[in-house]
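Contents: one structure, followed by commentary.
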Amino acid sequence: METRKYSHREIEAKWWQKWRDEKVYEVDVQNAKKPFYNLWMFPYPSGARMHVGHAYGSTGSDVFGRYKRMHGYDVLQPMGFDAFGIHGENYAIKVGEHPWKLMEDLCNRFRDEQFLRIGHGYDWSKEVRTYWPQYYKWTQWIFLQLFKHGLAEKKTARVNWCPSCKTVLADEQVIGGACERCHTEVEKKELEQWFFKITKFAQKLLDDLDDMDWSPHIKELQRNWIGRSEGAEISFKVAGSDHTITVFTTRPDTLPGATFLVLAPEYKGLSDLVAENKREEIDAYVKTATAKSTIERSEAKEKTGVFTGSYAINPVTNEKMPIWIADYVLSDYGTGAIMAVPAHDERDFEFAVKHGLPIREVVKEDDSYVGFVLSEWSKDFGAFVNRLKDLNVNFLELDEDTAVFSFDKSILKKIVDIAKDYVAKGSWHDFVGSDLTVVFEDGEVYHVPKYEENPKVWARMCTLNPDLKASFGGIWDMLLASKYQNYGKVCFTGDGISVNSELLDGLSTADAKGKVIDWLEQKGLGKKSITLKLRDWLISRQRYWSAPIPVVYCDKCGVVPVNEEDLPVKLPYVEDWKPKGDGKGPLANIPEFVNTTCPKCGGPAQRETDTLDNFLDSAWYFFRYPFVKRNDVPFAGPGVNDADNAKPDSNAFKRWLPVDLYLGGAEHAVLHLMYTRFITMAFKEMGFIDFDEPFKKFFAHGMIIKDGKKMSKSLGNIINPDEYIDMVGADVLRTYLMFLGPLAQGGDFSDSGMSGIVRFKNKIIDLVRKSQEVKESDKNLESKLHKTIKKVNDSIESFKYNTAISALMELSNEWAKGQLSKTDAEKALKLLAPFMPFITEELWQEFYADKNSETFVTIHKQPWPEYDESKVIEEAIKLPVQINGKLRATIIIDPEVVGDEDKIIKLAKDNEVVSRFLADKEIIKTIYVSGRILNFVVS
RNA sequence: GCCGGGAUGGCGGAACUGGUAUACGCGUUGGACUUAAAAUCCAAUGAGGUAAAAUCUCGUGCGGGUUCGAGCCCCGCUCCCGGCACCA
C-alpha cells in the first residue's frame, strides 16, 4: 500500500493553529452544561525555557482533561504564569534585565513556543499572570479583606532573614535552615512584619485532611508540618520572687522527675531571673548563643548552658529546681522554657550528666512488656547448651554464672522454641542472649539488638534489673569502660509505669498524664495544652518585584488600609529595583511612591514599602481563572458581591469551584498547597464562598530526573522538550513521557525508549489506513478492542497512563495480524487521542470527519468509545494445575464449564503430567478457584 | 534520630481481591528483505541445567512466619528516595 508521508512538524503546527483559531478548547463558563475544572499548577518562569519536567506534569494533566472532554464534559483547562515574586526577580538580577520586560517576554515564549506546540488543550482566553495589575489588584484586595476580618496583623517576631535574597521569609520557605530559593543559610532577626493568621485554622487544616481525596503522602507531609503536640502547660513559682515560669511539655506525667528548668537564651523576662553575681556570665552566654545560626546551634556536639542563680519550685516534690539557660531550648516553640526531666528525655539527660544535675527516675518500663533472666542459669543449663550446639550457636562463657550467646537470626525461631520448653517447665522465666533478647509473654517474641549496637537498652536492662546486672557482670563492666558509659544511667523515653511519683505511682503513662493535669488544674498551676509547629504566615517581603502591601501609615490615624476603590496600589516602574539589604524594600527609596495622603483623614501619610509574598499570588489564582474577564469581582461566590447574585448567570459561575482535579508536584506540599487551603478557609469564614477546601481531588505527579539526579541548572543536565518536539514530534514526546511509569512516580529521562513510541505511532497510521476498506471486524479482535477500552478507562482514571499505552500497544500487535472495521478503527483511534492529539486528529480528519460540515469538528470532542461487554468473547481458559502449590500443568477448558468443579478435576486428572504426579499419592485436599487455579494437596 | 514511600530480568516497568511472576516497551542475539546500510518484518531473550529436551531446579533486596498457594499478608533487618529534625 502506498503510504502518505506524515511530517510531524507540518501536521502538528497545522492542528495547534487550527485548534487555536477555532477556539476548540475555550469554555463558555456561563453556559457550560457539564463543568469539569481540570487544573495543573501554573509554572513560574525562572529560566529561559520550560524543561521537560514541566512537559511531564502538564501532559499528565492534559491527558486526563482530554479523556474527560471526550466524555462530554466542558473541561476548563486554564493556564497562566506565576511570574511575580522573588524567583523571577532573582532570575532578572542574574541576566541583568528589568523584570517587567523579562517576565512579559518569558511568559510569551513559554506560551507561544512551548505550551502551544506540546498540544495541551488550554483555554488561553483565561490566561492569568500574577504580575498583571488587573490580577494583583485582587491579590491586594484579599489582603484588605483579611486585614478587615482580623486575619492579618503586623507584629514583632523573630523571623528568617535571607542575607542573599535580602528579604525575610516565611517558615515554610526555609528548608533545612536555608533559603528555599537560593539555599543560603538564613539568619534570625527580630523585626516587625505583616502576618496572616494561618494558625487560627490549624485544627481545621489538620482535621479536613482525613476525608480529603489527596495523594496520601502529601497529607502526611502537611500533618507533620502542622506538627500538633498534645500536652500541658505547667507554671513554676520562682523561689523568693513573684515570677512564674510557664513551660510546655508532652509528658506532664514526668513532672515529679523534673529536677531543673531550662530557658532559651531569648527568653523574655530572663533578666528578672538572673542573680546579680551571674549577670556577666549570662550576658556573655546569651550574646554568643544568639550570634549563632539555627544550624550551628543544632549541630553543637555539647549541650552548653549557664546557671542563672535562681530556683523554681517543683509543685509536686516542693524541691528547689535550679533555673538554667541553654541554647538547646528553642525560643520559638512552646513557651521558650522547659522543665527538664533528665531521666526520661535524652537531651535533658545529656545536659544533666554534663553539668552534674540530679536525675530522678519516675517512669519504669512496664515489666509485662519486657522481662529478663530471673532464675538460676544452672538449672537445666547444660542440657540447654547441648541442644544449642546442634544449631550452630556460638557459646561464650564469661564466668561460671554468666553466659553469652551469638547466633544467626535465621535460627531465632528454633532457639525460641527450645527456650520455651524451659520456660514451660518452670526452669526459667525468660531467656537472654547477647545477640538478642528474647522475651515470651503470652507467646509474644520481642527482640533487642546486639548490645554493641544498642548499649542504651542494655544499660537500661541492667539498671532496672539488679539480678541481671549481677549475672551479666562482665558485660556491665565492658559497658562502663566503653564510650557508652554515659548510658549507664537510666534514660528511658518511652511510656511505662510511674514510680517515685507519690500521687501517680503505679499508673500507666496515659493515666498519669490525665491525673497530673487534673491535679494541676485544681491547683491553678497548669492546664491541658496543644502546641503546634505551624506558625503564622509571614507575608512581608523587602523586595521590588511583587504587589505592594496596600496600607498607609498616618501620623494621626496609625495603620490605615487603602480604600478598595483605589486598588491596585501600582508597583511603580523604576530603574533602580534591586534589593539593598538594608532591611527595607526598594520602594522605600521612591518618595513619589512613599508619600501619599491618609485615606481616612486626608493628612500626610507614608505607604507601606514592603511587598506581598508571592505565595499569596498563587494561593488564589484558581479562583480567578473562570472569572478572569470580570473586572468588578475577583471571583463569583455567594458573598463576594451581592449585586452579582442578582444576575441570572451567577449560579453558572459558581459551578466551577471547588476545582475538580488539581495536579502538581509534591514539592509544594507544605508551601503552596497549605496556603491555598488557608486562603480558601479564610474566604469561607469571610462569607465569600460556601466550601472549605479548594480541590476536590489533588494528585501529586512524580518528578523527571536525569541519570538519577534532579535536573538543575548547576548540574547542566536540563532537558529541553523543544528539541524532542522538533525531532520526533509532540505526540511521541507526550506518549514517551506517559509511558515511563505511573504518573505518581516520575521517571528517569533517557531518549533510548523513544524509538518504540515512534514505531507504535507509525504502526497505528498504517493500521488505520488499512482498515478503511474493512466492513467487519474479526470477532476476536473486536473482543480485544473492547477489553482495551476497559483497560484504558481504568488506567487513565487511576493515572497509570503507562498501562493504558501498553494496552493500546497490545491491541496494535494483534490488529497487525487481523482486521478491524473502519468503525472499530475509529474507536481505537479515539482511545489514543488523549496521548497523541495531533496524529489522531490528522487521521480522523482524513478518514472520518464530515467533509461537508460548515463548522470545524474535532476528534477531541467526539464521544469516547463505549465498552460493550457483549462483544468480549470468553476465550478458552488456560487453567493452571498445581500439585502442592507447584505448577505442574495447564489444561485448556471451555469457558462454559468453568463453574463445574467436578468436571474440571476430572479433566485435570486425565492430564498426562498431572496423573504422573498424582500416581501413588493420596489427595488430601483439592482447591479450585473458579477459572483461576486448581491445586491438589497430596501426601 | 523520627515520619512517609520504595526495592521485580541487562534497562523502564506489568501482575485483578493471596492464584500461571516478568505484560508492554527498550536493549541484545539470530534470520528475512537489500549491492550495502537505515527502515521494516519474523524469531529468541530471568538464571541454572542438557547433545537437545523437558512445565527438572532456583528465582520479585535479606532472614523468618502465616497459607494448599506469597511480588502481594505478618514479624525482624538492609539499602535507596523524599520530608522533618535539639519541636520538649
Side-chain angles (χ1 to χ4, degrees), chain A residues 175-177 215-221 223-225 227 229 231 247-251 254 262 294 297-300 303 326-330 332-335 337-341 344-348 350-351 408-414 436 444-447 449 493 531-533 666-667 669-670 703 705 708 736 739-742 744-748 750-760 762-763 766 794 800 802-803 805-810 812-813 816 878-890 913 924-938:
Chain A
I175 315 287
S215 302
H217 63 284
I218 302 293
K219 297 209 270 187
E220 205 48 41
L221 288 176
R223 282 194 191 99
N224 289 347
W225 186 260
S229 293
V247 306
F248 172 76
T249 177
T250 53
R251 290 295 299 271
T254 61
V262 189
T294 320
R297 279 208 208 176
S298 66
E299 282 173 354
K303 292 256 179 296
D327 66 4
Y328 80 92
V329 174
L330 305 176
D332 39 17
Y333 182 77
T335 61
I338 60 156
M339 64 176 204
V341 187
H344 306 292
D345 181 281
E346 287 191 27
R347 294 151 302 176
D348 298 345
E350 219 182 292
F351 193 79
D408 194 277
K409 281 174 198 139
S410 59
I411 57 169
L412 169 63
K413 180 76 166 64
K414 283 174 187 158
L436 300 160
E444 297 272 12
V445 176
Y446 299 96
H447 159 237
T493 56
T531 292
L532 302 164
K533 262 174 54 179
E667 65 272 23
V670 290
M703 217 182 356
I705 54 173
Y736 165 75
F739 189 58
L740 279 175
Q745 202 175 295
D748 203 326
S750 72
D751 43 22
S752 63
M754 225 175 270
S755 55
I757 308 294
V758 175
R759 279 178 209 143
F760 171 58
N762 290 335
K763 201 167 181 178
D766 290 345
D794 294 347
K800 290 181 176 171
N802 55 327
T803 55
I805 295 163
S806 80
L808 287 165
M809 285 173 168
E810 275 184 58
S812 76
N813 289 344
K878 282 185 221 154
L879 186 77
V881 181
Q882 299 183 335
I883 289 151
N884 282 349
K886 284 203 173 176
L887 178 71
R888 295 301 176 187
T890 38
V913 184
I924 299 166
K925 202 171 168 189
T926 307
I927 294 137
Y928 176 62
V929 182
S930 185
R932 286 248 165 251
I933 205 152
L934 177 65
N935 189 11
F936 294 107
V937 186
V938 299

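When reading the values below, keep in mind they use all heavy atoms of this one structure, side chains included, and skip hydrogens, waters and symmetry mates. Throughout, a chain's letter reflects where its sequence line sits, starting with A, and its residues are numbered from 1.
Looking at residues two or more places apart in sequence or on another chain, you find a ring pair (Phe, Tyr, Trp, His ring centres under 6.0 Å) between A:Phe351 and A:Phe260, A:Trp324, A:Tyr328, A:His355. Applying the side-chain hydrogen bond (donor to acceptor under 3.5 Å, both in side chains) test to A:Ser750 and every residue at least two apart in sequence or in another chain returns A:Ser752.
Taking the C1' atom of each, B:A44 and B:G83 are spaced 46 Å apart, rounded to whole Å. Between B:G18 and B:C77, the distance separating the two C1' atoms is 24 Å to the nearest Å. Taking atom P in both B:G12 and B:G27, the straight-line distance is 15 Å, to the nearest Å. On the C1' atoms, B:U17 is 16 Å away from B:U67, given to the nearest whole Å. When the P atom is compared between B:C75 and B:U57, the two are found 32 Å apart, to the nearest whole Å. Nucleotides B:A70 and B:G59 have their P atoms positioned 11 Å apart, rounded to a whole Å. A distance of about 37 Å separates the C1' atoms of B:A23 and B:A36, rounded to the whole Å.
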*Decide side chain to side chain contact (heavy atoms under 4.5 Å, CB included) for A:Tyr736 and A:Val758; before the verdict, give the C-alpha distance in whole Å, the side-chain angles of both, and the deciding distance to 0.1 Å.*
CA-CA 9 Å; A:Tyr736 165 75; A:Val758 175; over 6 Å; no

*asked:* Determine whether A:Gln882 and A:Ile927 satisfy the following criterion, side chain to side chain contact (heavy atoms under 4.5 Å, CB included), listing intermediate values before the conclusion.
replied: CA-CA 9 Å; A:Gln882 299 183 335; A:Ile927 294 137; over 6 Å; no

*Candidate pair A:Lys925 and A:Asn935, rule side-chain hydrogen bond (donor to acceptor under 3.5 Å, both in side chains), full reasoning*: CA-CA 8 Å; A:Lys925 202 171 168 189; A:Asn935 189 11; over 6 Å; no

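Consecutive Watson-Crick or G-U pairs involving RNA chain B, each under 3.5 Å on both distances, make up stems of three or more pairs at B:1-7 with B:78-84, B:10-12 with B:24-26, B:27-32 with B:40-45, B:46-48 with B:56-58, B:61-65 with B:73-77.
A:Asp332 comes within 4.0 angstrom of no nucleic acid atom, judged by non-hydrogen atoms across all strands. When heavy atoms are screened at a 4.0 angstrom cut-off, A:Ser750 is found touching no nucleic acid atom at all. Base contact: A:Val329 has a heavy atom under 4.0 Å from a base atom. At a threshold of 4.0 angstrom between heavy atoms, the contacts of A:Leu808 with the nucleic acid are absent. Among the protein residues, A:Lys886 comes within range of the sugar-phosphate backbone only, with heavy atoms under 4.0 Å from sugar or phosphate atoms but none that close to a base. As judged by a 4.0 angstrom heavy-atom cut-off over every strand, A:Leu221 is placed among residues touching the sugar-phosphate backbone only.
A:Tyr333 places its OH atom 13 Å from the C1' atom of B:C84, with the value rounded to the nearest Å. Atoms CD1 (A:Ile705) and C1' (B:C81) sit 9 Å apart, rounded to a whole Å. Residue A:Tyr928 contributes atom OH, which lies 16 Å from atom C1' of B:C68 at whole-angstrom precision.
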Anything under 3.5 Å between a protein N or O and an N or O of nucleotides 3-13 of chain B, put it in a table, one pair a line.
unit_1 : atom_1 : unit_2   : atom_2 : d
B:G12  : O2'    : A:Leu740 : O      : 2.7
B:G13  : OP1    : A:Gln745 : NE2    : 2.7
B:G13  : O3'    : A:Asn802 : ND2    : 3.3

Contact list (N/O, under 3.5 angstrom) for nucleotides 69-73 of chain B vs protein:
none

Can you pull every protein N or O that's under 3.5 Å from an N or O on nucleotides 39-41 of chain B?
unit_1 : atom_1 : unit_2   : atom_2 : d
B:U40  : OP1    : A:Arg759 : NE     : 3.4

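Looking at the side chain of A:Ile933, the nearest of the listed nucleotides B:G19, B:C26, B:C86 is B:G19.
One cannot find a donor-acceptor pair under 3.5 Å joining the base of B:C84 and the side-chain atoms of A:Lys533. In this model, no side-chain donor or acceptor of A:Arg223 finds a partner on the base of B:C84 within 3.5 Å.
The closest side-chain heavy-atom distance from A:Ile338 to A:Asp348 is below 4.5 Å.
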